[in-house]
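Here's the structure we're looking at; comments come further down.
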Amino acid sequence: MMAYWLFKSEPSTFSLEHLAKSPKKTTCWDGVRNYQARNLLRDEMRKGDGVLFYHSSCAVPAVVGTAEIVKNGYPDHTAQDPESGHFDPKSTPEEPIWYMVDIRFRQRFAEPVSLAEMREMKALEGMLLLRRGQRLSVQPVTACEWKVILKKGGLPA
DNA sequence: GCCAACGTTGGC
DNA sequence: GCCAACGTTGGC
């Protein structure tokens with residue numbers, strides 16, 4: 001059963017363009033330091049799942065395209081790197097706390113689907129992203145939400 | 001186990 | 001830059 005997810009990223013740090021230009025159009029999604037998000041990365045996400053790529057903290061917050069999970073959850077080694085900025089001394093190679101997945105660029109939307117637009121779409125009532133105070137950096141998306149957003153973005157579902 | 005203080009996220 | 005909503009930390 002294929003699942004769908006939404007990944008937030010600040011485009012000034014790592015945009016969909018960055019992903020598209022990465023080697024093999026693939027990157028490891030490191031640096032997530034929230035337990036709820038960790039559980040999704042480690043236990044729920046599976047190779048082949050769809051990812052909505054969302055730009056946050058920018059002029060027009062929006063879903064700008066899609067990616068896919070290409071590697072299941074595995075330990076985030078940046079937790080062991082004091083230089084990384086995501087260092088966590090409580091996490092060890094023997095007992096890792098933090099996990100990441102690999103994602104690969106799939107497609108860029110013809111038109112980004114902005115947060116404001118999503119708020120006005122009836123089909124997206126109840127979408128996690130639109131809930132006030134919702135800050136999870138990786139979060140589940142329903143098949144219906146996925147389909148509606150891809151259509152709005154000008155991609156075939 | 002409670003809860004105040006603090007840091008972060010992220011839209012506006 | 002502001003600020004609401006969270007998550008985390010640490011004293012008790």
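Below, chain A is the first sequence line, B the second, and so on; all start at residue 1.
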Considering only [options], which nucleotide approaches the side chain of [X] most closely?
| X | options | value |
| --- | --- | --- |
| A/R135 | C/dT9, C/dG7, B/dG11 | C/dG7 |
| A/S57 | C/dG7, B/dG11, C/dT8 | B/dG11 |
| A/S56 | B/dT8, C/dT9, B/dG10 | B/dG10 |

Using side chain to side chain contact (heavy atoms under 4.5 Å, CB included) as the criterion, point out the one residue from A/L52, A/I69, A/V63 that pairs with A/F7.
A/I69
In whole Å, what is the span from the [atom1] atom of [X] to the [atom2] atom of [N]?
| X | N | atom1 | atom2 | value |
| --- | --- | --- | --- | --- |
| A/R131 | C/dA4 | CZ | C1' | 17 Å |
| A/Q134 | B/dG11 | CD | C1' | 13 Å |
| A/L136 | B/dG11 | CG | P | 14 Å |
| A/Y35 | C/dT8 | OH | P | 7 Å |
| A/N34 | C/dT8 | CG | P | 6 Å |

Is there a path of hydrophobic side-chain contacts, each under 4.5 Å between heavy atoms of I, L, V, M, F, W or Y residues, that connects A/F105 with A/W5?
yes
Go through A/Y74 and A/W29 one step at a time and tell me if the ring-ring contact (aromatic ring centres under 6.0 Å, His included) criterion holds.
CA-CA 10 Å; A/Y74 62 107; A/W29 205 255; over 10 Å; no
Distance below 4.0 Å between A/K8 side-chain N/O and B/dG10 OP1 or OP2
yes
Side-chain N or O of A/Y54 versus OP1/OP2 of B/dG11: is the shortest distance under 4.0 Å?
yes
Does any donor atom in the side chain of A/R33 or A/T78 lie under 3.5 Å from an acceptor atom in the other side chain?
yes
Quantified as the angle between the terminal helix axes (five pairs each), what is the overall bend of the helix from B/dG1-C/dC12 to B/dC12-C/dG1 to 10 degrees?
10°
Going by the salt bridge (Lys or Arg N to Asp or Glu O under 4.0 Å) test, which pairs reach into residues 86-100 of chain A, not counting sequence neighbours?
A/D88-A/K90
Test item: A/V32 and A/L41 side chains (from C-beta on) under 4.5 Å apart, heavy atoms:
yes
